[in-house]
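Down below is the structure, laid out as structure tokens.
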Amino acid sequence: MMLYLQMLETPEEKVQFEEIYLKYRSAMFRAAEGILHNDQDAEDAVHNAFLRIIKRFSRFQKIPVKDLAPLVTVIARNEAISLQRKKKDVPLEDWDSFAETMESVSDYHALVEMFTRLPQTYRSALEMKLLGYSDGEIASKLGLSKTAVSTRISRGRQLLRSIVEQEGFLKNA
């Protein structure tokens with residue numbers, strides 16, 4: 001973490017970054033490891049994600065803390081996908097076109113804003129899914145059945161995709 005902190009200028013930036021690092025690093029690792037299935041590669045993807053965060057840290061300072069979880073997780077997923085593509089020439093997995101949608105979004109802040117437009121019932125289930133929780137774990141935490149969680153995630157994805165398409169963020173929308 002010292003390497004990252006040296007790249008930041010002000011003490012306030014360092015404190016904010018350290019909070020992000022400590023709070024979201026494990027979730028970012030789970031997201032990357034879920035794609036790469038290799039701890040070493042997942043570490044590399046998370047490292048690259050933190051470098052991207054630092055590069056655009058002025059934007060991150062403006063984002064409310066509650067909106068950071070999906071944002072940093074998407075960055076880690078994208079870095080894992082990029083690393084996977086570099087290591088192997090394999091196509092991107094289609095997670096109901098959700099991964100494709102995330103990768104085609106060039107402005108993460110806009111994506112987070114769109115994500116916050118989702119009704120809380122869908123957003124909470126999707127956030128947990130993005131953080132690597134299974135449907136069963138989400139069901140337990142939200143006090144729902146696995147079927148209800150699956151339905152909320154599916155509908156949330158559809159609604160998010162609709163919002164993203166309406167905003168014109170998809171290349172082939």
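Just the heavy atoms: all of them, side chains too, but no hydrogens, waters or symmetry mates, feed the values below. This one's a predicted model, so the numbers in the text were calculated from it and none came from an experiment.
With contacts defined as side-chain heavy-atom distances shorter than 4.5 Å, the pair R157/K129 qualifies. Between I53 and L71, every side-chain heavy-atom pair lies at or beyond the 4.5 Å cut-off. Residues Y24 and T73 are not in side-chain contact: their nearest non-hydrogen atoms beyond the backbone lie 4.5 Å or more apart. In this structure the side chain of N78 never reaches within 4.5 angstrom of the side chain of I75, judged on heavy atoms. The closest side-chain heavy-atom distance from L51 to K55 is not below 4.5 Å. Looking only at side-chain heavy atoms (C-beta outward), F57 and Q16 come within less than 4.5 Å of each other. Using a 4.5 Å heavy-atom cutoff, the side chains of P119 and L159 are in contact. In this structure, the side chains of M128 and E137 stay at 4.5 Å or more apart for every pair of heavy atoms.
The shortest non-hydrogen separation linking A125 to I138 is O-CD1, 3.8 Å. Contact detail for A45 and A76: the closest heavy-atom pair is CB-O, 4.4 Å. Residues F29 and A42 come closest through the heavy atom pair CE1-CB, 3.5 Å. The minimum heavy-atom distance linking V46 with A32 is given by the pair CG2-CB, 4.3 Å. N48 and E79 get closest at one heavy-atom pair: CB-OE1, 3.2 Å.
Between the side chain of S124 and the main chain of Q120, a donor-acceptor pair closer than 3.5 Å is present. The backbone N or O of T116 lies less than 3.5 Å from a partner atom in the side chain of R123, making a donor-acceptor pair.
Of the options V15, L68, I54, a side chain to side chain contact (heavy atoms under 4.5 Å, CB included) to I20 is made by L68 and by none of the others.
With a 6.0 Å cutoff to the six-membered ring centre and a 45° limit on the axis angle, R25 does not count as a cation-pi contact of F50.
Here the straight-line distance linking atom CD of E33 with atom CD1 of I35 works out to 10.0 Å at 0.5 Å rounding. Atom CD of E127 is separated from atom CG of L118 by 9.0 Å, given to the nearest 0.5 angstrom. In this structure, K141 NZ and Y133 OH are separated by 4.5 Å, a value rounded to the nearest 0.5 Å.
Contacts of E12 classified as side chain to side chain contact (heavy atoms under 4.5 Å, CB included), with partners at least two apart in sequence or in another chain: T10.
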Enumerate donor-acceptor pairs with a distance under 3.5 Å from any side-chain N or O in residues 145-153 to protein atoms, sequence neighbours excluded.
{"residue": "S145", "atom": "OG", "partner": "A148", "partner atom": "N", "Å": "3.1"}
{"residue": "T151", "atom": "OG1", "partner": "T147", "partner atom": "O", "Å": "2.9"}

